[in-house]
*Asks:* 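Take a look at the following structure, please.
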Amino acid sequence: MKIALHLDTVQRDVLFARQLGLQYVVSALPANPKGYLELDDLLRTREFFANYDLVFDVIENLPTPHYYKVMFGLPGRDAQIENVCMTIRNMGKAGISVLQYQWMLLGGLRTEYCPVGRGGSRVSRFDWEVAKRSPIAALDWRQGPDGLIHTPDRDLSAEQVWDNLTYFLKRVVPVAEEAGVKLAAHPDDAPIPSFMGVARILYSLAGLQHLIDIVPSPCNGLGFCQGTIACMAGVDVISAIHQFGCQNKIFFAHFRNPRGQVPVFEEVFPDEGDSDMLAVIRAYREVGFDGVIRVDHAPAVVGDTHNERTFGYQVGYFKGLVDAVDILDAQGAN
Amino acid sequence: MPKEQIDMHLALTLNPFIDSDLQYAQQLGVHMIVGDLPAWDFDTLASARNRVEKSGLTLCALECLPSAMVTDALLGQPEGEGVIDQICQIITDMGALCIPTLGYRWPVADECHDMDTIPGRGESISRNYKILDATYDASDNRTREESWQALAFFLQRVVPIAVTSGVRLAYHTDISLVSLPESNRILDSVAELDRLFQVADSPYHGLDLDQGFLTQVLAKQVAHKPEQIIRHYCQGRRIFAIRMHSLRRKNGGVVETFLDENKVEIISALQAYQAAGYAESLRPIPSPAMADDTEWRHKGQAYSIGYLRGLLQVIS
């Protein structure tokens, strides 16, 4: 499996990944004032990682300021779509094949960061009741063109949000096909149907399937955030891997294992979440998933100034599972 | 969460007087602590145990008696006599405090080992134990038989105390032995280890086995496969603790690597331990030094613990 970490173009980070034996990275490029990612920047980023023998093949994510007008259906969206197409063409030229984006108009939602995890580790939590009581406090990611938290000034229905996404996909997917770039939609985290009057649409397997079906294309698929999907009410993540993996719609994945589902979940270490991570790895293999899978966030470990202890632990756990499955399967085959 | 059916317990060696390290172990889901202590008086032992237990963890062993103490003890009478009494007191104290296992090592290896470092994966730094030839001028000029006599004297004094105290003495196999000339070294083969248990045969005398030592020293001898050695000592209930250590022969030395760089060997070993019913602690030896890591190698240890947990989950 192509195990990766999300890294910046910083020597310390790439050495860390190399020391852990990783060969793949995902990275973000900052929002560009021109409204699209420039070819030179993409090539430079790719080259930086290549110098450390790391393959950079996934951008995570398309910068929100590049397409927020499209998400909200605001005037000026067509110009933004043109710029997104430019980003996609530049990625094609730079040989970077997956672009993850998200359609969370209000961004990610969390309600608490509490030291209630294993060994007093600080876990992030989402509790829908708390979120309803203190909605602004639950807006966990910075959003909007100015980098500030965006609070809605009107209600938006699911139909409107779907219309906006459909409008986007119909215009960018053909360009992605030409450029050989896969568009990977990240599900809505936390996966709830609406917040502060603004609908969320990628909070269920049906929603993810609908996204795939509205513009059928080998370039229209998912950034399969295993953690978010496992938190969807009533969802079994193994069946979800089968459902989307069998359609070749998992372009990129996140390795994460929370505990609980909507309405309440918390992000614990990957060996103590609700999913059986061994079964998860077997499921990815059964569906022939060959994309990059990135180790996602978990609680911080004491004394961890750069999150390297927690990511070191997680990468170790993930690699241990994968290596043992490989070797046991090879033994079984002999 | 899948139940861990395997009976091996992940452990870490740490100083119980560093609160953040106890918390680190808890956060990584490690429950067994092998204590690396700053002192050996009763109060220190007692408070080490209490601190570990207050954190909800178990102090399953003390890493190793100080080498200087064992060296003095091995000198024999009259110089060593007082030190042997001190060691017996430590064992008695441990028994009173229910700390079940005490490591000891052959101290000569510690004094004479020749080690440097070489670059490892991703510019990490690996320890390289040089294998010396017979011309090496060792500071310790005892013959093998003289070494055995000293060791036997020591064991005949301390093992009975261990038995009455209910404390298990674990001989800490040591890769740095490879740096000693063969004429000077003992305990470097299955036959030598078997002799150790003939000299002092008791259910309270066993091994704290270094997996890298097993593959790179014990199994390098004719007719010994690692799995056979594992079975041999598991069946004799001689293994009290395992240190997971990945080593490779390279340029006339034995070089440390990250565990996954030796994955086939490590997984085969874990399968063999499991098949033989091994149900005690398993702790990583610190991996090659990662950039910007602490002296104790918190990053590298986190990686190793994660890796071993992943392997154990699959193997079980």
Side-chain angles (χ1 to χ4, degrees), chain A residues 11-12 14-22 52-54 117-122 257 259 268-279 281-282 295 298-306 308-331, chain B residues 1-4 18-30 55-57 120-125 257-268 270-271 284 287-294 296-316:
Chain A
Q11 194 195 25
R12 176 177 177 138
V14 290
L15 284 181
F16 177 63
R18 288 297 301 154
Q19 288 166 3
L20 296 178
L22 299 183
Y52 292 92
D53 293 324
L54 291 165
R118 189 162 72 188
S121 57
R122 189 165 163 267
N257 191 10
R259 186 189 285 154
V268 293
F269 289 100
D271 57 292
E272 54 171 354
D274 287 339
S275 301
D276 175 347
M277 293 303 250
L278 171 57
I281 283 163
R282 291 210 184 274
V295 175
V301 171
V302 61
D304 207 357
T305 52
H306 284 71
E308 289 165 333
R309 296 178 187 182
T310 184
F311 279 113
Y313 175 75
Q314 291 200 82
V315 169
Y317 176 62
F318 192 6
K319 285 183 69 171
L321 290 172
V322 170
D323 284 353
V325 167
D326 283 346
I327 289 170
L328 261 59
D329 286 358
Q331 287 172 353
Chain B
M1 182 191 164
K3 191 175 179 308
E4 268 187 31
I18 302 175
D19 286 329
S20 59
D21 282 354
L22 289 171
Q23 190 179 19
Y24 168 95
Q26 289 176 295
Q27 291 179 345
L28 297 185
V30 171
S55 301
L57 307 169
R121 184 167 73 187
E123 300 180 30
S124 58
I125 298 165
T257 73
F258 289 94
L259 292 177
D260 63 289
E261 294 180 88
N262 250 339
K263 58 187 174 187
V264 174
E265 178 186 304
I266 299 279
I267 290 169
S268 302
L270 289 177
Q271 287 178 308
S287 65
M290 298 178 71
D292 303 299
D293 207 351
T294 58
W296 191 80
R297 305 192 185 178
H298 289 84
K299 273 199 267 183
Q301 289 288 63
Y303 175 71
S304 298
I305 286 289
Y307 190 72
L308 291 172
R309 171 159 292 128
L311 296 183
L312 289 178
Q313 187 177 330
V314 180
I315 288 168
S316 67

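What you see below is based on every heavy atom in this structure, not just the backbone, and it leaves out hydrogens, waters and symmetry mates. Here is the naming used below: chain letters follow the sequence lines, and residue numbers restart at 1 for every chain.
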*Asks:* Under a 4.5 Å cutoff for heavy-atom pairs, which residue among A:Asp53, A:Val301, A:Val14 has the most contacts with chain B?
*Replies:* A:Val301
*Asks:* Measure the CG-OG distance between A:Leu15 and B:Ser124 for me, rounded to the nearest 0.5 Å.
*Replies:* 9.5 Å
*Asks:* Please say whether more than 12 non-hydrogen atoms of neighbouring residues, nucleotides or ligands are located less than 6.0 Å from CG in A:Leu328.
*Replies:*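 It does: A:Leu328 CG has more than 12 such atoms within range.
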*Asks:* Select, from A:Ile281, A:Ile327, A:Val322, the one with the greatest count of heavy-atom pairs under 4.5 Å involving chain B.
*Replies:*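 Between A:Ile281, A:Ile327, A:Val322, the count favours A:Ile327.
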*Asks:* Identify, with sequence neighbours excluded, every residue that meets side-chain hydrogen bond (donor to acceptor under 3.5 Å, both in side chains) alongside B:Gln271.
*Replies:* A:Gln331
*Asks:* Under 4.5 Å, counting heavy-atom pairs only, tell me which of B:Gln26, B:Arg121, B:Gln23 racks up the most with chain A.
*Replies:* B:Arg121
*Asks:* Check whether any side-chain heavy atom of B:Gln27 lies under 4.5 Å from a side-chain heavy atom of A:Tyr313, and answer yes or no.
*Replies:* no
*Asks:* Going by side chain to side chain contact (heavy atoms under 4.5 Å, CB included), name the residues that satisfy it together with B:Asp292, two or more places apart in sequence or in a different chain.
*Replies:*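 Counting only residues at least two positions away or on another chain, B:Asp292 forms a side chain to side chain contact (heavy atoms under 4.5 Å, CB included) with A:Arg12, B:Lys299.
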*Asks:* So how far is it from A:Asp271 CG to B:Leu312 CG, rounded to the nearest 0.5 Å?
*Replies:* 11.5 Å
*Asks:* Can you give me the closest heavy-atom contact between A:Ala324 and B:Val314, atom names plus distance?
*Replies:*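 Scanning both residues, the minimum pair turns out to be CB-CB, 3.5 Å.
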*Asks:* Measure the CG-OH distance between B:Leu311 and A:Tyr317 for me, rounded to the nearest 0.5 Å.
*Replies:* 11.0 Å
*Asks:* Quick one: pull up CG in A:Leu278 and CD in B:Gln313 and give me the separation to the nearest 0.5 Å.
*Replies:* 5.5 Å
*Asks:* For chain A, which of B:Ala291, B:Gly120, B:Gly300, B:Ser268 has the most heavy-atom pairs under 4.5 Å?
*Replies:* B:Ala291
*Asks:* Would you compute the distance between atom CD1 of B:Ile305 and atom CZ of A:Arg309 and round it to the nearest 0.5 angstrom?
*Replies:*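 CZ of A:Arg309 is found 13.5 Å from CD1 of B:Ile305.
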*Asks:* Which bit of A:Phe269 comes within less than 4.5 Å of chain B, counting heavy atoms only: side chain, backbone, both or neither?
*Replies:*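 For A:Phe269, side-chain heavy atoms alone lie under 4.5 Å from chain B.
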*Asks:* Run B:Tyr307 and A:Asp323 through side chain to side chain contact (heavy atoms under 4.5 Å, CB included) and show every step you take.
*Replies:* CA-CA 9 Å; B:Tyr307 190 72; A:Asp323 284 353; 2.6 Å; yes
*Asks:* Between B:Leu28, B:Val264, B:Leu57, B:Asp293, which has the largest tally of heavy atom pairs under 4.5 Å with chain A?
*Replies:*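 Most heavy-atom pairs under 4.5 Å with chain A: B:Leu28.
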*Asks:* Is B:Tyr24 close to chain A through its backbone or its side chain, or both, or neither, when contacts mean heavy atoms under 4.5 Å?
*Replies:*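 Contact with chain A is through both the backbone and side chain of B:Tyr24.
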*Asks:* Using a cut-off of under 4.5 Å on heavy-atom pairs, state which of B:Gln301, B:Glu123, B:His298 scores highest against chain A.
*Replies:*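 Among the listed options, the one with the most contacts to chain A is B:His298.
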*Asks:* Tell me, for B:Ile267 versus chain A, whether the close heavy atoms (under 4.5 Å) come from the side chain, the backbone, both or neither.
*Replies:* side chain
*Asks:* Looking only at heavy atoms and a cut-off of under 4.5 Å, which of A:Ala300, A:Ala17, A:Gly303, A:Gly21 has the most pairs with chain B?
*Replies:*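 Highest number of heavy-atom pairs under 4.5 Å: A:Gly21.
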*Asks:* Between B:Thr294 and chain A, with a heavy-atom cut-off of 4.5 Å, which part of the residue counts as in contact: side chain, backbone, both or neither?
*Replies:*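 Answer is side chain: those atoms of B:Thr294 sit under 4.5 Å from chain A.
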*Asks:* Got a second to check how far B:Tyr303's OH is from A:Gln19's CD, nearest 0.5 Å?
*Replies:* 11.0 Å
